[in-house]
Q: 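Before we start, here is the structure in question, set down as structure tokens.
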Number of protein chains: 2
Amino acid sequence: MPERTFSIGHVSSATGCKVETIRFYESIGLLPEPERTEGNQRRYLAKHIDRLRFILHARELGLAVEAIRQLIALGENPAASCEQADEIARQQLQLVRDKIARLTQLAEELERIVASCSGERIADCRVMEVLADHSHCDHGDRRGNVRSRA
Amino acid sequence: MPERTFSIGHVSSATGCKVETIRFYESIGLLPEPERTEGNQRRYLAKHIDRLRFILHARELGLAVEAIRQLIALGENPAASCEQADEIARQQLQLVRDKIARLTQLAEELERIVASCSGERIADCRVMEVLADHSHCDHGDRRGNVRSRA
DNA sequence: CTAATTCCTCTAGTAACTTCAGGTTCAAGA
DNA sequence: TCTTGAACCTGAAGTTACTAGAGGAATTAG
């Protein structure tokens, strides 16, 4: 008997992933191309839904698409070493920890800025003053670019 | 006597901001258009460098370009209320705190994943298993989209 | 059978830049 | 003064991970 199939809309509501995003994941090769109906509409199998859930969860954990791609490649090869998958997770963990450390510093600096507001007019406002001069900061690292985003 | 001027390269090395980024900030209206030489090259004044430093510092703090634009508009009007600038800083602080909270959860989950690795082959690897199934998580929130990025 | 819903492709837009191609100007040394 | 080579110019396209919209075709409920 033929396996049960699902429309893209069904997959969407089953996973909480938008229809457009499902098509997008297919377009960048994270999801395999499903069969189509005679009228050219996608019909998914249960395995596609599993794969999509994997992707969504990994994204939620902050893994980049590229990392997920590697993980999927590993998964396709059940005899592959587990170490590589573990390594990817470890790298992510490090990235997340770094972000937390950075954001914690930023929060502290913003707290100081907010606390220092006392003036009435902009001209007396410490917020503007502190923003205008990096040297007011504790951590005086003057890095090259500003890519230090959260 | 005419004020001292600086080439874009000079401004770049004085601030640590890439030349292209300086031009980009001008194109989106964060930096005013400087005078030009006869040969069409930009010549900046000290005030431009101050403005750029303000922008860079605010970006480092995680402020969106739009927020910086508002701050600059406030700054152009020295009689404006300080409260608005303070409010922008407060909003940023809240955003940063939210991000930290979210990332802390992610870090915990990744720690569990990494700690659970024991298999030798992918087929036995807990990393893949846990990634594949969201229900392994403590916080079982199954949100609609995956925009929960750092 | 028809109308409403869902689906299709393709293009463009988002943030905040970076990179590239192809050409021009400037400044310093010979 | 001339000549290089570094620095500069513009405009377009690339980056990440999607989202949104146009315009049209397929499916499905009644």
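Within every chain, numbering begins at 1; the chains are lettered A, B, ... in the order of the sequence lines, protein sequences first and strands thereafter.
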Q: Can we say A:Asp86 and A:Arg90 salt-bridge, meaning some charged N sits less than 4.0 Å from an Asp/Glu carboxylate O?
A: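 Salt bridge between A:Asp86 and A:Arg90, a charged N being under 4.0 Å from a carboxylate O: yes.
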
Q: Quick one: which of D:dC9, C:dT19, D:dA17 gets closest to the side chain of B:Ile8?
A: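 When the side chain of B:Ile8 is considered, D:dC9 is the closest of D:dC9, C:dT19, D:dA17.
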
Q: Just by modelled atom types, is the B:Ile100 backbone N or O under 3.5 Å from a matching donor or acceptor in the B:Thr104 side chain?
A: yes

Q: Could you tell me whether B:Glu26 and B:Arg23 make a salt bridge, using a distance below 4.0 angstrom between a side-chain N and a carboxylate O?
A: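 The answer is no: the pair does not qualify as a salt bridge.
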
Q: I'd like a table of atom pairs between the protein and nucleotides 21-23 of chain D - only N or O on both sides, under 3.5 Å - with the distance next to each one.
A:
none

Q: Quick one: A:Ile55 CD1 to D:dC18 C1', roughly how many Å, whole number?
A: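 After rounding, the gap between these two atoms is 14 Å.
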
Q: Output the rounded distance in Å from CD1 (A:Ile22) to P (D:dA17).
A: 18 Å

Q: Checking the side chain of B:Ser12 only, and the main-chain atoms of B:Cys17 only, is there a donor and an acceptor separated by less than 3.5 Å?
A: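 Confirmed, B:Ser12 side chain pairs with B:Cys17 backbone.
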
Q: Identify, with sequence neighbours excluded, every residue that meets salt bridge (charged side-chain N to carboxylate O under 4.0 Å, His left out) alongside B:Glu76.
A: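 B:Glu76 satisfies salt bridge (charged side-chain N to carboxylate O under 4.0 Å, His left out) with B:Arg51 once adjacent residues are dropped.
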
Q: Just jot down the side-chain hydrogen bond (donor to acceptor under 3.5 Å, both in side chains) partners of B:Glu111, sequence neighbours excluded, or say none.
A: A:Arg97

Q: Below 4.5 Å, heavy atoms only, C-beta onward: do A:Arg43 and A:Arg36 meet side chain to side chain?
A: no

Q: Taking only residues two or more places apart in sequence or in another chain, which ones pass ring-ring contact (aromatic ring centres under 6.0 Å, His included) with B:Tyr44?
A: B:His48

Q: Could you work out, with side-chain hydrogen bond (donor to acceptor under 3.5 Å, both in side chains) as the rule, every residue matching B:Gln92, not counting sequence neighbours?
A: none

Q: Between B:Lys18 (NZ) and C:dC17 (P), how many Å, whole number?
A: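 B:Lys18 atom NZ is separated from C:dC17 atom P by 11 Å.
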
Q: Look at the side-chain N and O atoms of B:Tyr25 and state whether any lies under 4.0 Å from the OP1 or OP2 oxygen of C:dC17.
A: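 For B:Tyr25, the contact criterion (side-chain N or O under 4.0 Å from OP1 or OP2 of C:dC17) is met.
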
Q: Hey, which sits more toward the 5' end of DNA chain D by its nearest nucleotide, B:Val19 or A:Glu66?
A: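 Final value for this comparison: B:Val19.
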
Q: Short of 4.0 Å, heavy atom to strand atom, which residues of residues 35-44 of chain B count as contacting DNA chain D?
A: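 Residues of residues 35-44 of chain B under 4.0 Å from DNA chain D: B:Arg36, B:Asn40, B:Gln41, B:Arg42.
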
Q: Please state whether the phosphate of C:dC26, meaning OP1 or OP2, lies under 4.0 angstrom from any side-chain nitrogen or oxygen of B:Ser7.
A: no

Q: So, is B:Thr21 close to the C:dT18 phosphate, meaning a side-chain N or O under 4.0 Å from OP1 or OP2?
A: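 True: B:Thr21 side-chain N/O within range (under 4.0 Å) of C:dT18 OP1/OP2.
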
Q: Could you state the CZ-P distance from B:Phe24 to D:dG14, rounded to the nearest angstrom?
A: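 Between P of D:dG14 and CZ of B:Phe24: 17 Å.
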
Q: Measure NE2/B:His10 against P/C:dC26 and give the value in whole Å, please.
A: 18 Å

Q: Among D:dT19, D:dA17, C:dC17, find the nucleotide with the atom closest to the side chain of A:Ala64.
A: D:dA17

Q: If I take atom CG in residue A:Leu31 and atom P in nucleotide D:dC18, what distance separates them, rounded to the nearest angstrom?
A: 12 Å

